[in-house]
2 protein chains.
Amino acid sequence: MKSTIPDTGVPITPPTGNGGDRQENRHEASLHGETLLRLRDYVVEGNIPEGGRVPERQLCEMLGISRTPLREALKVLAAEGLIELLPNRGARVRQLSQRDLEELFDVMAGLESLAGRLACEAITDAEITAIEQLHYEMYGHYLHRDMHGYFQTNQRIHESIVAAARNETLKSAYANFAGRIRRVRYSANFARKRQRWAEAMREHEAILDALRRRAASELSDILFQHLRNKRTAAIEHLTEPREDAPASP
Amino acid sequence: MKSTIPDTGVPITPPTGNGGDRQENRHEASLHGETLLRLRDYVVEGNIPEGGRVPERQLCEMLGISRTPLREALKVLAAEGLIELLPNRGARVRQLSQRDLEELFDVMAGLESLAGRLACEAITDAEITAIEQLHYEMYGHYLHRDMHGYFQTNQRIHESIVAAARNETLKSAYANFAGRIRRVRYSANFARKRQRWAEAMREHEAILDALRRRAASELSDILFQHLRNKRTAAIEHLTEPREDAPASP
DNA sequence: GCCGGCTATTTTGCATTCATTTTTTGTCCA
DNA sequence: TGGACAAAAAATGAATGCAAAATAGCCGGC
């Protein structure tokens, strides 16, 4: 046997509860909408290995639906870039090349950069205060070397900036791209490198500072560079993934 | 009769030849892929009035296919934001509110701003020369008051910048958003206002200048502002669409 | 004459079915 | 033993069928 593409089977686990509707509006009503949400989460959470095939029949019985709504959802996921559809050969979880990742990170950087710019026009003092809170919280995590907490808070900060941009279209696009790299973000805690971590903290200080001053262009630059650095760290991590094994607690 | 939503019928015209595959890779193989491309063009070209319903059966016979692939294509178009799916009530061409347009323009601005930034890293002298050519060509159109030529060349310039960014993901997202506002861009030749037109030309000079110097941040700012001004012009035009009637040839 | 409720028709959503294509399995022969 | 061919099995792509919902049409009441 064996074709060139590894034909990983799907371990048929019970469906994960629909986490939350990040992106779609109110598709819960229709079956295909529900299916879309669940399938998206299912894929984003990494339940199917990279490049693995997405077997229609198994998913159908797993979700208890027929193939029609499932296939509709697959088409949408393909359009979103999460999976790819090989003609007559079914769907596969999209394999992201290094180049793909670089591109995705850059687009994310561009979107956050835009978010920062727009946020400067609209953000309220209260929102800034909230972000400051998050910042200090994150600093605490940093001091305690609490990676998980750090990442979580970090993400909330970035989401707050996007929210402050007051642009639902942007928010939705941001969520889409974030979903595509989420698998990587989770599997690779690339920022374990101490130096990069400290650097990121400094960048966050600068972000906050620019935000307080509503310095749009400046914030835009800082955010872009910040994400660019994340990108570099992530790529490096994927290329030579070691350094975190002999870490202190 | 009459519900709140205007129930515009679709004038059943022969299908337009598939212009070109902007966004999708090679979906020509499958029927639903073909359908997707054709339907997208059909909608983007404005064959269905704003907010008009997209009747499955008519489109089926128009395209000569069954409902299954058509419905798959509709789901994708809905995910792209071109149409919206009302539960149990079919698809409608998405009506863009003024706010939607503002948001879309801003996102486009962000993407172009990003494109400029990235282009500075990768663009070749030859590409810059090509853009300069386009710029002079556009200037010619400007002097001759040739709006159509001007817009066409203008669009090619912006596309060249996006292409120079060497980021297919960005290019694809750009195409997606461009498609959403294309209907408006075509129906409203908002830049007829002389003053804005001259301003735009100056901005383009600045863009070219920054590009030559590979001044990433600066170009990013200029591009954002340029698109922002376009946005303002467009919104103004939509609000009070007059001024172009008593124009000299 | 206009409004509200009732029925008929259309339309949508999903399941099922059918036709191809691909993939796997089995067998034969070198 | 191993590879090539062939048949079987499975999976995909698309069409059709069927139940539920919505819309339109109609009639009666006010």
Side-chain angles (χ1 to χ4, degrees), chain A residues 1-10 12 15 24-39 48 51-79 83-94, chain B residues 1-10 12 15 24-39 48 51-79 83-94:
Chain A
M1 67 169 197
K2 281 296 130 176
S3 66
T4 38
I5 308 176
D7 206 331
T8 332
V10 178
I12 195 164
E24 300 298 325
N25 327 27
R26 56 182 185 288
H27 281 281
E28 327 83 32
S30 56
L31 237 186
H32 90 264
E34 177 83 19
T35 302
L36 178 57
L37 294 176
R38 300 226 289 178
L39 247 193
I48 304 177
R53 73 187 309 168
V54 184
E56 293 184 4
R57 265 190 77 269
Q58 284 189 36
L59 287 175
C60 281
E61 30 193 84
M62 183 178 105
L63 297 170
I65 58 174
S66 88
R67 283 176 55 218
T68 308
L70 181 93
R71 287 169 57 76
E72 289 171 349
L74 286 180
K75 300 289 182 299
V76 174
L77 291 185
I83 64 178
E84 53 190 348
L85 265 36
L86 309 176
N88 285 321
R89 302 183 62 217
R92 286 174 186 282
V93 173
R94 182 158 169 202
Chain B
M1 66 169 196
K2 281 294 126 172
S3 66
T4 38
I5 308 175
D7 206 332
T8 333
V10 179
I12 195 165
E24 300 299 324
N25 327 27
R26 56 182 185 288
H27 280 280
E28 326 84 30
S30 57
L31 237 186
H32 90 264
E34 177 83 21
T35 303
L36 178 57
L37 294 176
R38 300 226 289 178
L39 248 193
I48 305 178
R53 73 187 308 170
V54 184
E56 294 183 3
R57 268 190 78 270
Q58 284 190 39
L59 287 175
C60 281
E61 32 192 83
M62 184 178 103
L63 298 169
I65 59 173
S66 87
R67 283 176 56 218
T68 307
L70 181 93
R71 286 171 57 77
E72 290 171 349
L74 286 180
K75 300 289 182 299
V76 173
L77 292 185
I83 64 178
E84 54 190 348
L85 265 34
L86 310 178
N88 287 320
R89 302 181 62 217
R92 286 174 188 280
V93 173
R94 180 155 170 205

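Chain letters run A, B, ... following the sequence lines, proteins first, then strands; residues in each count from 1. None of these values were measured; they are calculated from a predicted model.
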Passing option when B:Glu56 is tested against B:Arg89, B:Lys75, B:Arg67 for salt bridge (charged side-chain N to carboxylate O under 4.0 Å, His left out): B:Arg67
Taking atom [atom2] of [N] as reference, at what distance in whole Å does atom [atom1] of [X] sit?
X       : N      : atom1 : atom2 : answer
B:Glu72 : D:dA14 : CD    : P     : 7 Å
B:Leu74 : C:dT12 : CG    : P     : 9 Å
A:Glu61 : C:dT16 : CD    : P     : 13 Å

I need the minimum non-hydrogen distance between [X] and [Y], along with the two atoms involved.
X       : Y       : value
A:Leu59 : A:Val54 : CD1-CG1, 3.1 Å
A:Glu72 : B:Arg71 : OE2-NE, 3.7 Å
A:Leu85 : A:Ile83 : CD1-CD1, 4.0 Å

Distance-only donor-acceptor test (3.5 Å): side chain A:Thr68, base C:dA15: yes
Pairwise distance NE2(B:His32) to CG(B:Leu37) - rounded to 0.5 angstrom: 9.0 Å
Short heteroatom pairs, N/O only, protein and nucleotides 7-13 of chain D, under 3.5 Å:
unit_1, atom_1, unit_2, atom_2, d
D:dG13, OP1, A:Asn88, N, 3.4
D:dG13, OP2, A:Arg71, NH1, 2.7
D:dG13, OP2, A:Arg71, NH2, 3.4
D:dG13, N7, A:Arg67, NH2, 2.9
D:dG13, O6, A:Arg67, NH1, 3.3

Residue pair B:Leu39 / B:Val76, side-chain heavy-atom distance below 4.5 Å: no
